[in-house]
Asks: 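Take a look at this one; I'll ask things after.
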Amino acid sequence: MKYKMLATDMDGTLLNEQREIDKENIEAIHEYRERGGRVVICSGRSPLSTKWIANTIGLKGEPIIAYNGAVILDENGEISEQSVFQHDHLMSFWELCEGEGIYAHFYEGDTLLVPTETKWNKNWIENNILSFEKTGANLEERESFRSKCKVKMVDDFYRYVRSNQPVITKIAVFNDEGKLADFSKTIDKQVGGMEISSSFNFLNLEISPAGVSKASSLVKLGDTHDIHISQIAAIGDNFNDSLMLSAAGLGIAMGNAPDEVKELADQVTGSNHEAGVAQAIRRFLLE
């Protein structure tokens, strides 16, 4: 088998527009696994969210990359590696957000730390642990997963960091006024220690600790399993997948990906409403 591992993004890739997973995608994933391939979820989603997805589509026993590479889960769903923000960088970043009037929230394990209730954090638990009614979710298991997610209001972030010494692995930033392209440059200049990407072309920012990306964690995971990056295929649809698509032995862009992302990939498959993951597996990995 030329490509021994497939890393797949979730939103806009394996998930369709209704945030369900098409039967064709699930079937193709298992065809690939039956031939000896490993399938790794590689997502900006939380560890619990990615585990829930893995369980729902029968990927128990596979490693997972969560929070855009900041967390790697082993085959048992336990954290094998984790990258966290330094607290002084968090303080500087929060000060910058306050000064610029920019909203950000922080991920502490499977708890979302929010400064105030907004449209960007409302229904977060339901959006984090998706319903998957058409995909065939186990309803009791879904509620169990949702019960482990928490949203915590933190109105004094400085005090919270000083008192609790939180282990924060991801930051998300949102803004409706077109400020985030410039804001990302300001973060780079004034804060440091942060890796900035965007999954929606500056409608939001996804921030990881410095040096952390889906690509870097995929290389580490491959090394753990004695699989060179040249033997790994990766599939994704957005800007936070760019490094992964460039680094992988075979980078596959979804049909719904922006042109700039497609240009970085080796191949382009169908869109996420055309079961593009299944198309890619059957066309490029099972041949």
Side-chain angles (χ1 to χ4, degrees), residues 10-11 19 41 43-55 64-73 77-79 81-132 141-176 180 183 187 191 193-200 203-210 212 240:
M10 287 289 104
D11 293 85
R19 296 201 296 180
I41 291 173
S43 173
R45 286 180 167 271
S46 75
L48 262 182
S49 181
T50 49
K51 278 199 280 189
W52 164 239
I53 293 165
N55 286 10
I64 289 170
I65 295 172
Y67 284 154
N68 286 328
V71 176
I72 301 176
L73 304 176
E78 302 297 324
I79 293 174
E81 190 157 340
Q82 182 169 258
S83 301
V84 303
F85 289 101
Q86 293 180 25
H87 290 154
D88 59 339
H89 290 152
L90 289 173
M91 296 293 206
S92 298
F93 174 78
W94 182 248
E95 193 172 89
L96 186 63
C97 289
E98 292 269 89
E100 298 281 340
I102 299 283
Y103 171 86
H105 58 224
F106 302 80
Y107 299 80
E108 182 184 8
D110 287 291
T111 296
L112 187 70
L113 306 178
V114 305
T116 184
E117 186 175 301
T118 70
K119 63 182 179 182
W120 295 305
N121 57 51
K122 196 175 181 183
N123 303 320
W124 180 74
I125 292 173
E126 292 78 8
N127 291 327
N128 191 42
I129 308 298
L130 298 168
S131 61
F132 283 149
E141 187 180 18
R142 182 180 70 198
E143 294 315 305
S144 173
F145 269 79
R146 285 182 174 175
S147 71
K148 295 170 186 171
C149 297
K150 301 285 183 278
V151 178
K152 186 183 290 186
M153 199 74 71
V154 179
D155 54 3
D156 188 336
F157 188 71
Y158 291 103
R159 184 185 299 170
Y160 186 84
V161 172
R162 282 196 302 270
S163 302
N164 296 277
Q165 299 291 298
V167 174
I168 292 175
T169 48
K170 179 184 170 182
I171 303 168
V173 184
F174 300 88
N175 181 262
D176 284 333
L180 295 186
F183 187 63
I187 297 169
V191 179
M194 296 185 169
E195 200 78 34
I196 305 166
S197 66
S198 173
S199 58
F200 295 106
L203 291 179
N204 78 338
L205 299 178
E206 294 185 344
I207 304 178
S208 305
V212 172
N240 63 342

Asks: Would you check if the side chain of Trp52 reaches a backbone N or O of Leu130 as a donor-acceptor pair within less than 3.5 Å?
Replies: yes
Asks: Please verify the inter-ring angle class for Trp120 with Phe174; under 30° counts as parallel, over 60° as perpendicular, anything in between as tilted.
Replies: parallel
Asks: With no hydrogens and no angle check, just 3.5 Å: does a side-chain donor-acceptor pair link Asn128 and Ser46?
Replies: yes
Asks: Between Phe85 and Phe93 (judged by ring centroids, cut-off 6.0 Å), do the two rings come close enough to count as a pair?
Replies: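 Centroid separation for Phe85 and Phe93: 6.0 Å or greater.
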Asks: Just verifying a value: how many Å separate Leu113 CG and Tyr160 OH, rounded to the nearest 0.5 Å?
Replies: 4.5 Å
Asks: Answer yes or no: is there a donor N or O on one side and an acceptor on the other, between the side chain of Arg142 and the main chain of Ser131, under 3.5 Å?
Replies: yes
Asks: Can Ile65 and Val71 be said to form a side-chain contact (heavy atoms from CB on, under 4.5 Å), step by step?
Replies: CA-CA 6 Å; Ile65 295 172; Val71 176; over 6 Å; no
Asks: How long is the straight-line distance from CD of Gln82 back to OG1 of Thr169, given to the nearest 0.5 Å?
Replies: 5.5 Å
Asks: How many angstroms lie between atom CD1 of Ile207 and atom OG of Ser197, to the nearest 0.5 angstrom?
Replies: 8.5 Å
Asks: Where the side chain of Ser92 meets the backbone of His89, is there a donor-acceptor pair that is under 3.5 Å apart?
Replies: no
Asks: Can a salt bridge be assigned to the pair Asp110 and Lys51 using a cut-off of 4.0 Å between side-chain N and carboxylate O?
Replies: no
Asks: List the atom pairs, donor and acceptor, that lie under 3.5 Å between side-chain atoms in residues 94-105 and the rest of the protein, sequence neighbours left out.
Replies:
| from | atom 1 | to | atom 2 | distance (Å) |
| --- | --- | --- | --- | --- |
| Tyr103 | OH | His105 | ND1 | 2.8 |
| Tyr103 | OH | Asn121 | ND2 | 2.8 |
| His105 | NE2 | Tyr107 | OH | 3.1 |

Asks: Could you measure the distance from the CG atom of Asn240 to the CD1 atom of Ile196? Nearest 0.5 Å is fine.
Replies: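 If I round to the nearest 0.5 Å, the distance is 13.5 Å.
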Asks: Apply side-chain contact (heavy atoms from CB on, under 4.5 Å) to Val173 and Phe183, showing your working.
Replies: CA-CA 10 Å; Val173 184; Phe183 187 63; 4.1 Å; yes
